[in-house]
Structures are given as structure tokens and as C-alpha cells.
Amino acid sequence: FQSGLAARMSLAELVQYSYDGLRAWAQSRGFTLRESETPLEMVERLSQSERALSNEILLLGRYYSHVAYAGEPPTEESLVVLKRLWSVIGPAWKA
């Protein structure tokens with residue numbers, strides 16, 4: 001969001017990018033990704049260990065599943081959630 005990249009993506013692309021970013025952020029914090037689990041299972045586990053972002057993590061998992069598996073476009077409300085999520089995980093990449 002700070003770089004302006006988000007403004008050049010569709011909402012569906014931003015959801016995909018955010019899900020990938022969340023996975024990378026989680027791994028950088030020692031969270032183990034499991035090959036056999038679904039995105040919803042992964043965000044459920046992650047939300048338990050990252051309580052401050054629990055709501056945003058769970059919502060992103062739902063948005064991602066709708067985009068990736070059902071072909072449903074995300075709603076405009078998802079943009080607010082993604083901004084909140086990136087306000088926390090984004091600065092971690094600069095540290």
C-alpha cells in the first residue's frame with residue numbers, strides 16, 4: 001500500500017498477493033507451513049498464534065478461498081481488511 005503497488009492490482013490480485021505475503025511473513029516468524037493443509041486450515045492455525053491479527057488472518061483466508069477456488073471476486077470491504085493486515089506485516093519486511 002505504501003509503495004503504490006496495491007493501487008495497480010485488481011482486488012483479486014491483491015488478495016492473492018496478500019495471502020502469499022502472509023504465508024511468507026508467518027514463515028519468517030517461525031510458523032511451519034504444512035503441505036497437506038488447506039488455506040483455511042493454515043489461517044485457522046496461524047490465527048491462534050497471532051491473536052492481534054486473528055480477525056484479519058481469518059478473513060484473508062476466506063477471501064483467498066473464494067477467489068482461488070470459487071472464482072468469486074472479493075468484496076470492497078476486503079480492501080479495508082487487507083490494509084489493516086499490511087499495516088502490521090508490511091513494516092516487518094523492513095526490519
Side-chain angles (χ1 to χ4, degrees):
F1 287 93
Q2 287 180 346
S3 71
L5 180 63
R8 295 188 301 268
M9 293 181 180
S10 71
L11 206 42
E13 290 170 326
L14 187 56
V15 165
Q16 173 69 53
Y17 181 82
S18 297
Y19 179 76
D20 292 342
L22 179 67
R23 286 174 47 99
W25 176 80
Q27 272 190 296
S28 75
R29 296 172 56 85
F31 184 78
T32 304
L33 300 174
R34 299 177 184 159
E35 285 186 39
S36 63
E37 69 188 345
T38 67
L40 290 175
E41 291 168 336
M42 189 277 289
V43 297
E44 178 66 34
R45 275 192 321 113
L46 181 59
S47 72
Q48 297 300 312
S49 63
E50 300 292 339
R51 295 283 186 184
L53 288 173
S54 181
N55 187 53
E56 289 80 3
I57 290 169
L58 290 170
L59 285 171
L60 175 57
R62 191 173 81 203
Y63 301 151
Y64 175 78
S65 292
H66 285 211
V67 168
Y69 301 109
E72 295 177 12
T75 63
E76 288 299 317
E77 81 175 26
S78 63
L79 189 57
V80 173
V81 172
L82 297 177
K83 283 182 181 179
R84 281 196 311 255
L85 179 72
W86 279 105
S87 72
V88 175
I89 71 172
W93 297 115
K94 296 176 185 174

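We count residues from 1, following the sequence as given. Side-chain atoms are counted along with the backbone in the values below, which use heavy atoms only and exclude waters and symmetry mates.
Hydrophobic cluster membership differs between Val80 and Leu22, with clusters built from Ile, Leu, Val, Met, Phe, Trp and Tyr side chains linked at under 4.5 angstrom.
Taking all atoms of both residues into account, the shortest heavy-atom contact from Gly21 to Trp86 is CA-CH2, 4.1 Å. Taking every heavy atom of both residues into account, Leu58 and Ser47 meet most closely at CD2-OG, 3.6 Å.
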Between Glu50 and Trp25, is the side-chain contact (heavy atoms from CB on, under 4.5 Å) condition met? List the steps. CA-CA 11 Å; Glu50 300 292 339; Trp25 176 80; 3.6 Å; yes
For Tyr19 and Val67: C-alpha separation, side-chain torsions, deciding distance, then whether side-chain contact (heavy atoms from CB on, under 4.5 Å) applies. CA-CA 11 Å; Tyr19 179 76; Val67 168; over 6 Å; no
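Listed by chain and number, the residues in a side-chain hydrogen bond (donor to acceptor under 3.5 Å, both in side chains) with Gln27 amount to none (sequence neighbours excluded). For Asp20, the side-chain contact (heavy atoms from CB on, under 4.5 Å) partners two or more places apart in sequence, or in a different chain, are Gln16.
Salt bridge status for Glu37 with Arg45: present, with a side-chain N to carboxylate O gap under 4.0 Å.
More than 12 heavy atoms of other shown residues, nucleotides or ligands fall within 6.0 angstrom of atom CZ in Phe31.
With Ser78 contributing its side chain and Thr75 its backbone, the two residues share a donor-acceptor pair below 3.5 Å.
Distance check, rounded to the nearest 0.5 Å: CD of Glu72 to CZ of Arg62 gives 10.5 Å. Summarising the geometry, atom CE belonging to Met42 is positioned 9.0 Å from atom OH belonging to Tyr64; distances are rounded to the nearest 0.5 Å. To the nearest 0.5 Å, atoms CD1 (Ile89) and OG (Ser28) are separated by 9.0 Å. Between Leu85 atom CG and Leu59 atom CG the span is 10.0 Å, to the nearest 0.5 Å.
The side-chain heavy atoms of Arg84 and Asn55, taken from C-beta on, include a pair separated by under 4.5 Å. The shortest side-chain heavy-atom distance between Pro39 and Tyr69 falls under the 4.5 Å cut-off. Leu11 places none of its side-chain heavy atoms less than 4.5 Å from the side chain of Pro73.
With Leu60 as reference, Val15 is the one residue of Leu46, Val15, Val43, Leu53 to meet the side chain to side chain contact (heavy atoms under 4.5 Å, CB included) rule.
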